[in-house]
There are 2 protein chains.
Amino acid sequence: MAHATGKKQGDPMRAVDTIRPLSPIQSECPNCAFLEWGWPANLTAGESRNVYDLVTHQQPIAQGNFLYQAGLPLASLHVISSGFLKTSLGDQEGRNQVTGFCMTGELVGMDAIGIGKHISDTVALEASRVCGMRYADLTDLGRRIPAMQHHFHRVLGAELARDQGIMLLLGVMNAQERVAMFLLNLSARFAAHGYSASRFRLPMTRAEIGSYLGLKLETVSRALSHLHDQKMILINGKDVELKSVPDLRRMIGQHGSPNAHSLLAVTPAL
Amino acid sequence: MAHATGKKQGDPMRAVDTIRPLSPIQSECPNCAFLEWGWPANLTAGESRNVYDLVTHQQPIAQGNFLYQAGLPLASLHVISSGFLKTSLGDQEGRNQVTGFCMTGELVGMDAIGIGKHISDTVALEASRVCGMRYADLTDLGRRIPAMQHHFHRVLGAELARDQGIMLLLGVMNAQERVAMFLLNLSARFAAHGYSASRFRLPMTRAEIGSYLGLKLETVSRALSHLHDQKMILINGKDVELKSVPDLRRMIGQHGSPNAHSLLAVTPAL
DNA sequence: CGTAGGTTTGAATTGGGTCAATACAGGTGG
DNA sequence: CCACCTGTATTGACCCAATTCAAACCTACG
C-alpha cells in the first residue's frame with residue numbers, strides 16, 4: 001500500500017549511468033532523434049553548426065533509473081534519442097502523480113525553467129538514451145539567433161498548451177474518454193516519429209496510466225477492456241492496436257468538448 | 001443546459017472597449033500594478049527605461065467583455081492593472097472549461113506563445129484595466145538584456161509549474177481539498193499584491209469555480225458550506241474569510257500529496 | 001417591486017473507487 | 001527444464017463521493 005508505482009528504481013543517487021563527452025564528429029549526433037526535433041528551417045550553415053554543437057553529451061539510462069529528480073538544479077535539457085520516460089510529481093512518502101510520458105524525439109526538463117530547479121522526477125520506463133544540451137547554451141544561442149529564440153519560446157508555449165489540454169481532460173472527461181484520448185495522443189506522437197500509429201506497445205503500467213489520467217488502475221483496465229469489447233481497439237497486455245480511430249475520436253467529441261481534438265493536435269511531435 | 005457559464009458576455013466582436021495610446025510620461029504607468037510585476041532587480045537606468053517603454057497602451061475592459069478570444073493571433077501580453085479576469089478553453093457550442101483566474105498584477109496571454117494564436121478566451125469578471133506590451137518588443141528586449149530574457153523564461157516556466165500543480169489537484173484531490181486549495185491559492189495571491197490574505201471577495205460564480213476545479217457548482221457550494229460548518233472559513237455569498245489557514249493547509253496535506261504546498265508556493269504572485 | 005441569475009440545500013442516482021480473488025508473464029534459482 | 005515468486009493485469013461485488021434532479025431562497029438590478 002505504501003508504494004504506488006512499485007518497481008525498484010535503481011539507486012536514486014546513481015541517476016546517471018554513464019556520461020560520455022562527444023567528439024566533434026559525434027556531436028553531429030547521427031541516428032539521433034535530436035535531428036528530428038523541429039528546429040527552425042531557415043538557419044544558415046553556420047547557425048546549424050551552432051545548433052549541433054549545443055549537444056554536449058549523450059547518456060544512456062537504464063530502466064528504472066532517473067534522468068533527474070525534483071530539487072536538482074537545472075543544468076541541461078535533454079532530447080530523447082531512444083526509449084521512453086515518465087515524469088512525475090510528489091513522491092516523498094511513496095505517493096506520486098505522473099504528469100507526462102516522453103518518447104523518442106521529445107524534449108524533457110522544461111519543468112525546471114521556472115525556478116531553476118526541477119520540480120518533477122524523470123525516470124526511464126525502458127532502457128533509453130538522451131542527448132543533453134546546457135540550458136545556458138540554449139539561451140545564449142537564442143540571443144544570437146532570433147529564430148532559435150523564437151523556436152524555443154514556441155516549444156515552451158506548446159508545453160503550456162499541452163498542460164492545458166490535460167487540465168481539460170482531467171476536468172471534464174469520464175474514464176473511457178480519458179483512456180481513448182490517451183491512446184489517440186500516443187498514436188499521434190508515435191506516428192510523428194515514424195512509428196506505426198495503429199499498433200504500439202504501452203511501456204508503462206496500468207497504475208502509471210491511471211495516475212496520469214486521474215483514475216485507478218482497475219478503472220483503466222476496465223476502460224481498455226470495454227473499448228476492446230466495442231471493437232475500437234485490440235488490447236493484449238501492453239500491446240495495443242487501434243481498430244477504429246474515427247470511433248475513438250467520436251467518443252471524445254461528444255462529451256469531451258469541441259476543442260478536445262486540439263489536445264491531440266497539440267505537441268504530438270514535441 | 002446549453003450554456004455552462006451563462007452570463008451575457010458583451011458583444012464578442014467588441015473585445016476592446018477603448019485603446020488609448022500612452023503619452024511618454026504616462027508610459028511610466030503610475031499607479032499601475034505593472035510596476036509590481038517582478039522585474040529583474042539589477043537593471044541599469046537605461047534598461048529600466050526600456051522596460052517601461054514596453055507598455056504600448058492601456059485598455060479598460062468592461063465586465064463580461066473579452067480581452068482576447070481563442071484563434072486570435074498573438075499580438076500583446078497584458079499585465080492586469082486592476083480587476084479580475086478568467087481564461088477558458090472550448091466554448092464553441094456553449095461548452096467551456098475555465099483554466100485560470102487572473103488578478104491585478106498578473107500577466108495574461110501566454111497561452112498563445114506556442115502556436116502564435118490564442119487557444120483560450122479571456123473575459124473580465126469585473127470592470128478591469130490592463131497594460132499591453134507587444135510580444136515582439138518583449139522578445140527583442142530579451143535579446144538585448146539577458147536578465148530580461150531570463151526573467152521572461154522564468155515567468156513562462158512558473159506558468160508551466162502552475163499548470164502541473166493544477167493537474168495534481170484535478171488528478172488526486174477530492175472536492176473539499178480542491179476548494180480548500182483554491183481558497184489558499186487565492187489568499188496567497190491576494191496577499192502578494194497587497195490585499196488581505198484572510199478576507200476577500202470571490203468575483204467568479206460557483207459554476208466558474210466548479211469548472212476550474214473539475215466539480216459541479218452544487219459540489220462547490222456544499223464544500224464551502226462544509227468548510228464553514230467546520231469553522232475553517234466564513235462564507236457569505238461571494239465574501240470569504242479564512243478563519244484557520246493551518247487547518248485548511250492540513251486538510252490538503254493529508255490526502256493531497258506531500259508537495260501540494262508547492263502549488264501554493266508556485267506563482268502566487270505571477 | 002418583479003424578474004433573472006446565482007446560491008443553497010435536499011433526495012435519488014451512478015460512475016468510479018475500494019476490496020478481494022484469480023490469472024498471467026517474466027525472471028530466478030534449484 | 002521446471003517450480004517458484006514477484007509484480008502486473010483482469011474481473012467481480014460492494015460502497016461512497018460526487019453528480020443529477022429538484023425546490024426554495026437570495027440579491028442585484030432594471
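Chain identifiers are assigned alphabetically (A, B, ...) following the order of the sequence lines, protein sequences preceding nucleic acid strands; residue numbering begins at 1 within each chain.
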>> What's Leu224(B) touching, base or sugar-phosphate or nothing? Going by heavy atoms closer than 4.0 Å.
In response: nothing
>> Using side-chain heavy atoms (C-beta onward) and a distance below 4.5 Å, is Thr205(A) in contact with Leu217(A)?
In response: no
> Between dT8(D) atom P and Ile209(A) atom CD1, what is the distance in whole Å?
Replying inline: 13 Å
>> Using the side-chain heavy atoms of Thr205(B), tell me which of these nucleotides is nearest: dT7(C), dT10(D), dT19(D).
In response: dT7(C)
> What is the ring orientation for His118(B) with Tyr68(B), classed by angle as parallel under 30°, tilted 30 to 60°, or perpendicular over 60°?
Replying inline: parallel
>> For Lys238(A), give me all partners under salt bridge (charged side-chain N to carboxylate O under 4.0 Å, His left out), at least two apart in sequence or on another chain.
In response: none
Name the pairs: protein N/O against N/O of nucleotides 9-15 of chain C, kept only if under 3.5 Å.
from	atom 1	to	atom 2	distance (Å)
dT9(C)	OP2	Ser225(B)	OG	2.7
dG10(C)	N7	Arg222(B)	NH1	3.0
dG10(C)	O6	Arg222(B)	NH2	3.3
dA11(C)	N6	Arg222(B)	NH2	3.4

I'd like a list of close polar pairs between nucleotides 26-30 of chain D and the protein, N/O only, cut-off under 3.5 Å.
none

> Looking at residues at least two apart in the chain, or sitting in another chain, which of them share a side chain to side chain donor-acceptor pair (under 3.5 Å) with Ser128(B)?
Replying inline: none
> What does the inter-axis angle of the helix from dC1(C)-dG30(D) to dG30(C)-dC1(D) come out as, five pairs per end, nearest 10 degrees?
Replying inline: 30°
>> Suppose we screen for side chain to side chain donor-acceptor pair (under 3.5 Å). Which residues come up paired with Ser225(A), at least two apart in sequence or across chains?
In response: none
Show the atom names and distances, to 0.1 Å, of all donor-acceptor pairs under 3.5 Å that link a side chain in residues 195-203 of chain A to residues at least two apart or in another chain.
from	atom 1	to	atom 2	distance (Å)
Ser196(A)	OG	Ser198(A)	N	3.1
Ser196(A)	OG	Ser198(A)	OG	3.4
Ser196(A)	OG	Arg199(A)	N	3.0

> So, does Asn96(A) use its side chain to make a donor-acceptor pair with the main chain of Ser88(A) at under 3.5 Å?
Replying inline: no
>> To check you understand the geometry: which heavy-atom pair defines the closest contact between Val108(B) and Cys102(B), and what is its length?
In response: CG1-SG, 3.0 Å
> Taking only residues two or more places apart in sequence, or in another chain, which ones meet Leu224(A) in a side chain to side chain contact (heavy atoms under 4.5 Å, CB included)?
Replying inline: Val179(A), Leu183(A), Arg206(A), Val220(A), Ile233(A), Ile235(A)
> Which salt bridge (Lys or Arg N to Asp or Glu O under 4.0 Å) pairs, counting each pair once, include a residue from residues 209-233 of chain B, with sequence neighbours left out?
Replying inline: none
>> Counting only side-chain nitrogens and oxygens, does Lys238(B) get under 4.0 Å of the OP1 or OP2 atom of dG6(C)?
In response: no
> When we call it a touch if two heavy atoms are under 4.0 Å apart, what does Gly210(A) touch: a base, just sugar-phosphate, or nothing?
Replying inline: nothing
> Ala70(B): what forms a side chain to side chain contact (heavy atoms under 4.5 Å, CB included) with it, not counting sequence neighbours?
Replying inline: Asp121(B)
